[in-house]
Amino acid sequence: MIKNSIITLRVVKIFNLKNVISIKDFQKKDIEFILNEAENLEKVAKSEEKSEELSGKILGMMFFEPSTRTHLSFESAMKRLGGSCVGFVGTEASSVSKGETLADTSKMFESYSDALVIRHNLEGAAKFISNIVDVPIINAGDGAGQHPTQTLLDLYTIRRNFDKIKGLNVALVGDLKYGRTVHSLAYALGLFDVEMSFVSPNELKMPKETLHDLKKNNVKFYQTNNLKEVIDNVDVLYVTRIQKERFPDEEEYSKIKGAYCINKSLINGKDLIVMHPLPRIDEISTDVDNTKYNKYFEQAFYGVPVRMAILKNIIKNK
């Protein structure tokens with residue numbers, strides 16, 4: 001006689017990160033999981049299908065710095081999944097303007113939310129908050145530090161256009177010193193056997209710690225201040241603005257603003273795509289907008305399915 005037995009099935013979480021603080025916390029498999037999830041959610045992001053995955057859940061949004069695309073895409077992502085949002089953009093209408101500390105504001109938001117998205121001017125702010133609250137934290141940009149969800153949507157844009165990331169040649173152009181998007185992106189691209197060119201004024205070179213990480217992982221990269229040296233050999237031209245708000249000295253900013261301008265004549269006939277985290281100022285001419293090279297508006301939309309994938313997994317798995 002065979003005795004009845006109880007079989008216990010162990011549920012394995014494929015995505016195990018509780019917080020999204022830095023792209024350095026991601027392994028390659030974590031990135032690929034989110035990109036695959038985003039592709040599955042694209043129809044929901046386009047309102048072609050409906051989802052109630054996060055019905056009844058609330059996302060707290062603490063944006064101490066101005067934001068358009070990141071804020072709106074997170075809000076759209078949460079609502080597309082059936083959830084809702086509370087929060088602020090700018091501190092004028094919050095108790096921060098009265099002197100409330102970041103810690104107290106975060107603890108208050110924890111009481112009202114199932115997860116928190118934070119953008120702050122101080123590097124390390126998201127990490128600090130993750131140590132004092134129990135709900136998941138998503139870093140939406142911390143000073144000149146990291147912007148991990150932007151990196152994930154950048155990778156998603158590249159994969160959707162080339163059906164791969166591995167083996168491509170990517171040029172990162174503009175403010176590589178203060179540009180948190182390129183700090184995160186360079187590290188992530190290094191996981192996919194990508195060759196990179198760093199094009200910037202000498203005053204805005206990629207930080208030494210980023211270069212150190214890339215060298216340690218045997219990632220190939222080339223540094224120059226001359227875009228024409230590399231433009232014929234790149235698949236992706238990732239352009240960033242010179243960020244006036246990050247400069248301690250406005251006179252130094254004035255010396256190098258407008259250092260690069262991508263226009264139609266510069267890239268005409270080349271086999272590449274142009275990306276930009278936006279907003280742009282004068283670094284990409286509007287004559288590129290109606291060409292096959294322009295992927296920056298498409299890139300902005302991809303923030304919705306990618307952030308849907310992140311929210312779905314960190315909130316449901318908490």
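Just so it is clear, the model here is predicted, and its values are computed rather than measured.
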| task | For side chain to side chain donor-acceptor pair (under 3.5 Å), just list the numbers for Glu32 and Asn36, CA-CA rounded to whole Å, side-chain angles, deciding distance to a tenth of an Å, and then say yes or no. | result | CA-CA 6 Å; Glu32 291 175 332; Asn36 291 338; over 6 Å; no
| task | Answer yes or no on whether Arg119 is positioned over the face of Phe63, meaning its NZ or CZ is under 6.0 Å from the six-membered ring centre and within 45° of the axis. | result |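 Ring-cation test returns no.
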| message | Does the Lys NZ or Arg CZ of Lys205 fall within the cation-pi geometry relative to Phe198 - under 6.0 Å from the ring centre and within 45° of the axis? | response |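 No, Lys205 and Phe198 do not form such a contact.
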Going by heavy atoms in the side chains, are [X] and [Y] under 4.5 Å from each other?
X      : Y      : answer
Ile138 : Ile118 : no
Asn268 : Tyr293 : yes
Leu185 : His183 : no
Val135 : Leu116 : yes
Lys215 : Phe221 : yes
Arg160 : Glu42  : yes

Return yes if some donor-acceptor pair links the side-chain N/O of [X] with the main-chain N/O of [Y] below 3.5 Å, else return no.
X      : Y      : answer
Asp235 : Leu272 : no
Ser200 : Asp175 : no
Gln299 : His276 : yes
Lys18  : Asp134 : yes
Asp287 : Lys264 : yes
Gln146 : Ile21  : no
Asn169 : Val234 : no
Ser76  : Ser73  : no
Tyr296 : Ile284 : no
Asp114 : Ile58  : yes

| query | If you measure from OH on Tyr302 to CG on Leu153, what distance do you get to the nearest 0.5 Å? | reply |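 Between Tyr302 OH and Leu153 CG, I get 11.0 Å after rounding to 0.5 Å.
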Return yes when atom [atom1] of [X] has more than 12 non-hydrogen atoms of other residues, nucleotides or ligands closer than 6.0 Å, and no otherwise.
X      : atom1 : answer
Asn226 : CG    : yes
Lys28  : NZ    : yes
Lys270 : NZ    : yes
Phe162 : CZ    : yes
Lys43  : NZ    : no
Asp271 : CG    : no

Can we say [X] and [Y] salt-bridge, meaning some charged N sits less than 4.0 Å from an Asp/Glu carboxylate O?
X      : Y      : result
Lys316 : Glu53  : yes
Arg159 : Glu39  : yes
Arg307 : Glu75  : no
Arg280 : Glu283 : no

| Worked check of salt bridge (Lys or Arg N to Asp or Glu O under 4.0 Å) between Lys24 and Asp213 | CA-CA 10 Å; Lys24 292 183 180 182; Asp213 286 344; 2.6 Å; yes
| task | Compare every heavy atom of Arg241 with every heavy atom of Pro279, then report the nearest pair and how far apart it is. | result |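 In this case the closest contact between Pro279 and Arg241 is O-CD, 3.1 Å.
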| Criterion ring-ring contact (aromatic ring centres under 6.0 Å, His included) on Phe88 and Phe109, from CA distance to verdict | CA-CA 11 Å; Phe88 59 80; Phe109 263 80; 5.8 Å; yes
| Test log, rule side chain to side chain contact (heavy atoms under 4.5 Å, CB included), inputs Tyr187 and Thr210 | CA-CA 7 Å; Tyr187 180 83; Thr210 303; 5.9 Å; no
| task | Evaluate the criterion salt bridge (Lys or Arg N to Asp or Glu O under 4.0 Å) for residue pair Glu65 and Arg180; output intermediate values, then yes/no. | result | CA-CA 14 Å; Glu65 285 189 320; Arg180 57 193 174 202; 3.2 Å; yes
| message | Please determine whether side chain to side chain contact (heavy atoms under 4.5 Å, CB included) holds for the pair Phe301 and Glu298, giving the CA-CA distance in whole Å, both sets of side-chain angles, and the decisive distance to 0.1 Å. | response | CA-CA 5 Å; Phe301 162 72; Glu298 174 185 313; 5.8 Å; no
| message | What verdict does the side chain to side chain donor-acceptor pair (under 3.5 Å) test give for Thr181 and Gln150, after you've listed the backbone C-alpha separation in whole Å, the side-chain angles of each residue and the deciding distance to 0.1 Å? | response | CA-CA 7 Å; Thr181 60; Gln150 177 70 46; over 6 Å; no
| His147 and Thr70: side chain to side chain contact (heavy atoms under 4.5 Å, CB included), yes or no, with the steps? | CA-CA 10 Å; His147 198 346; Thr70 303; 3.5 Å; yes
| task | Step by step, work out the salt bridge (Lys or Arg N to Asp or Glu O under 4.0 Å) result for Lys312 and Glu37. | result | CA-CA 9 Å; Lys312 172 186 170 183; Glu37 279 276 87; 3.3 Å; yes
| field | Among Ile31, Val306, Ile34, the one residue meeting side chain to side chain contact (heavy atoms under 4.5 Å, CB included) with Leu155 | value |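 Only match with Leu155 under side chain to side chain contact (heavy atoms under 4.5 Å, CB included): Ile31.
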| Ring geometry between Phe15 and Phe33 (parallel below 30°, tilted from 30 to 60°, perpendicular above 60°) |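 Parallel.
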| request: Would you check, one step at a time, whether the test side chain to side chain contact (heavy atoms under 4.5 Å, CB included) holds for Lys295 with Asn161? | output: CA-CA 9 Å; Lys295 299 299 176 184; Asn161 278 276; 3.1 Å; yes
| query | Any chain of hydrophobic side-chain contacts (each under 4.5 Å) joining Tyr222 to Val199? | reply |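 Yes: a chain of side-chain contacts under 4.5 Å links Tyr222 to Val199.
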